[in-house]
Undergrad: 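Input: one structure, supplied below.
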Amino acid sequence: MALFLAPFSYLAFVHYPLAADLRRSILICGAISLGGFFVVLRLIPVAARYLLRRGMFGKDINKKGLPMGEITVPESLGIVVGIVYLVIAILFQHFNFTADSIWLVEYNAALASVCFMILLGFIDDVLDIPWRVKLLLPTIAALPLLMAYAGGTSIIIPKPLASYVGVEVLELGWMYKLFMLLLAVFCTNSINIHAGLNGLEVGQTVVISAAVLIHNVMRIGSSKDLETQQAHAFSIYLVLPFLTTSLALLGFNWYPSSVFVGDTYTYFAGMTLAVVGILGHFSETLLLFFLPQVLNFLCSVPQLFHFVPCPRHRLPRFDTQTGLLTGTKDGNLVNIFLRLFGKCSEKSLCIRLLIFQAVSCLFCFWLRYMLTGWYK
């Protein structure tokens, strides 16, 4: 908790002279989110027992052949994080939004989309929906956000291209909402397919969430535009409870996992981050934070669209003698890292992938710094 929140806290309360009202709202949101962290810690063991009783469990394929591989592990524990997150986000409205707030409609629409995604993700865990149908689930869940979105639908043309386009600001209209829809579909499914290791699904979202928090407070501190500051503050209120509740889940999902998060969590996480990026008006930066997921998706395209055979689980091979994973020919980052850097344990591979995620986020910050004033 301290590791992921310390940079954001320093920037928000020491480095930048943020308004007193904004700091108060961040403190309230942080206090409620911290409470959510402890609630998730208490609820996951309880929910795990109920899920085991209902037969919702799996076995760790990456430990097949060992005694640990025969243990039944409860699945779909993302439902606990999703419910606690929604309760926190709803309670926070009482402290920050007035009845006539211009942000209240979009805030509730965002929560409706996240809630819809949690429901559809849990249905997927229960019914095991085919892959082609999974692509439609984020489309359905994003409808409340798309219908309630009242923000701008224009984009700023990069300065090097403005002379060729002829305008500095381009109005996209319905095409912008189409982009929002595609972003939601990508975020949800990209986290879902960049998976297969204990702690990887939750770990990558925790790293991205921490980067989003830092980006938001940096933009608030460096911008003089009130609307920009409000949009990024709005983003903080949504992502802060998501980070704290996900950290609680990570404690149970880290190697060796005592619970599995299921599609419930990956869809919930992807939709939450998509909503945060859309309503915070930094979709381009969000895609840069998702660089490993973009690379994983591009490498997966031949198999996902069945140009080449695609097994149900594109996981590495586990050697019971050495306890190490070996990369297969499947096109995803998990196997590519093993082919590039050699065999390693599941825990070491997950740490390497999370370090790559963190380096990608740092690259995003560096790129934004280098292009400021020249690109836009």
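Along the sequence shown, residues are numbered consecutively beginning with 1.
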Undergrad: Does one hydrophobic cluster hold both L136 and L181, with members joined at side-chain heavy-atom distances below 4.5 Å?
TA: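 No, L136 and L181 fall in different hydrophobic clusters.
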
Undergrad: Drop me the distance from F95's CZ to I28's CD1, to the nearest 0.5 angstrom.
TA: 6.5 Å

Undergrad: In the structure I gave you, are the side-chain heavy atoms of Q204 and L353 within less than 4.5 Å of one another anywhere?
TA: no

Undergrad: Please enumerate all residues that pass side chain to side chain contact (heavy atoms under 4.5 Å, CB included) together with A89, with sequence neighbours excluded.
TA: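 So A89 forms a side chain to side chain contact (heavy atoms under 4.5 Å, CB included) with Y107, L111.
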
Undergrad: Would a 4.5 Å heavy-atom cut-off, applied to side chains only, mark V87 and V39 as touching?
TA: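 They are not in contact (no side-chain heavy atoms under 4.5 Å apart), so the answer is no.
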
Undergrad: With a 4.5 Å heavy-atom cut-off, do M180 and Y176 have their side chains touching?
TA: yes

Undergrad: So do the side chains of H194 and L200 get within less than 4.5 Å of each other, counting heavy atoms only?
TA: yes

Undergrad: State whether the number of non-hydrogen atoms from other residues, nucleotides or ligands found under 6.0 Å of M68 atom CE is greater than 12.
TA: yes

Undergrad: Starting from I71, can I reach V259 by hopping between I/L/V/M/F/W/Y residues whose side chains sit under 4.5 Å apart?
TA: no

Undergrad: Considering only residues two or more places apart or on different chains, which pairs with a residue in residues 49-92 satisfy ring-ring contact (aromatic ring centres under 6.0 Å, His included)?
TA: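 Checked against ring-ring contact (aromatic ring centres under 6.0 Å, His included) - neighbours excluded - the pairs reaching residues 49-92 are Y85-F268, F92-Y237.
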
Undergrad: So, does S257 use its side chain to make a donor-acceptor pair with the main chain of F260 at under 3.5 Å?
TA: no

Undergrad: In Å and rounded to the nearest 0.5 Å, what is the CG to CZ distance from L304 to R314?
TA: 5.0 Å

Undergrad: Would you say that more than 12 heavy atoms from the other residues, nucleotides or ligands in this model lie under 6.0 Å from the CZ of R23, or not?
TA: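 Enclosed.
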
Undergrad: Would you mind telling me which of L338, T328, N335 makes a side-chain contact (heavy atoms from CB on, under 4.5 Å) with R317?
TA: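 The single option meeting the side-chain contact (heavy atoms from CB on, under 4.5 Å) with R317 is T328.
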
Undergrad: Flag yes if V126 and V261 sit in one hydrophobic cluster, no otherwise; membership is Ile, Leu, Val, Met, Phe, Trp, Tyr, and two members link when side-chain heavy atoms are under 4.5 Å apart.
TA: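 Yes: a chain of side-chain contacts under 4.5 Å links V126 to V261.
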
Undergrad: Assigning hydrophobic clusters by single linkage (Ile, Leu, Val, Met, Phe, Trp, Tyr; side-chain heavy-atom cutoff under 4.5 Å), is V105 placed with I278?
TA: no

Undergrad: Going by side chain to side chain donor-acceptor pair (under 3.5 Å), T266 matches just one of N189, T205, N192. Which one?
TA: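 When N189, T205, N192 are each tested with T266, the side chain to side chain donor-acceptor pair (under 3.5 Å) holds only for N192.
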
Undergrad: Please tell me if the side chains of M117 and T272 come closer than 4.5 Å, counting only heavy atoms from C-beta onward.
TA: no

Undergrad: Looking at the rings of F289 and F365, which for Trp means the six-membered one, are their centres under 6.0 Å apart?
TA: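 Yes, ring centres under 6.0 Å apart.
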
Undergrad: Let me confirm one number: the CG-SG distance from N296 to C299, rounded to the nearest 0.5 Å.
TA: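 SG of C299 is found 6.5 Å from CG of N296.
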
Undergrad: For residues S209 and L213, determine if any side-chain heavy atom of one lies less than 4.5 Å from a side-chain heavy atom of the other.
TA: no

Undergrad: What is the distance from atom CD of Q357 to atom CZ of F290, rounded to the nearest 0.5 Å?
TA: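 Atom-to-atom, Q357:CD and F290:CZ are 8.0 Å apart.
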
Undergrad: Who are the side chain to side chain donor-acceptor pair (under 3.5 Å) partners of D125, not counting sequence neighbours?
TA: S76, T264

Undergrad: Contact between L197 and L325 at the side-chain level, heavy atoms closer than 4.5 Å - yes or no?
TA: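 Side-chain contact under 4.5 Å: yes.
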
Undergrad: Are D330 and Q303 close enough that some pair of their side-chain heavy atoms sits under 4.5 Å apart?
TA: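 Result yes, sub-4.5 Å side-chain heavy-atom pair found.
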
Undergrad: Within the distance-only criterion (no hydrogens, no angle test), does the side chain of N108 pair as donor or acceptor with the backbone N or O of L104 below 3.5 angstrom?
TA: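 Pair found, side chain donor or acceptor close to backbone of L104.
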
Undergrad: Students often mix this up, so state it plainly: with edges at 30° and 60°, are the rings of H15 and Y10 parallel, tilted or perpendicular?
TA: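 Tilted, since the angle between the ring planes falls between 30° and 60°.
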
Undergrad: Verify whether one side chain among N332 and S300 offers a donor that lies under 3.5 Å from an acceptor in the other.
TA: no

Undergrad: Does atom NZ (K343) have a neighbourhood of more than 12 heavy atoms from anything else shown, all under 6.0 Å?
TA: no

Undergrad: To the nearest 0.5 angstrom, please state how far the CG atom of D21 sits from the CZ atom of R24.
TA: 7.5 Å

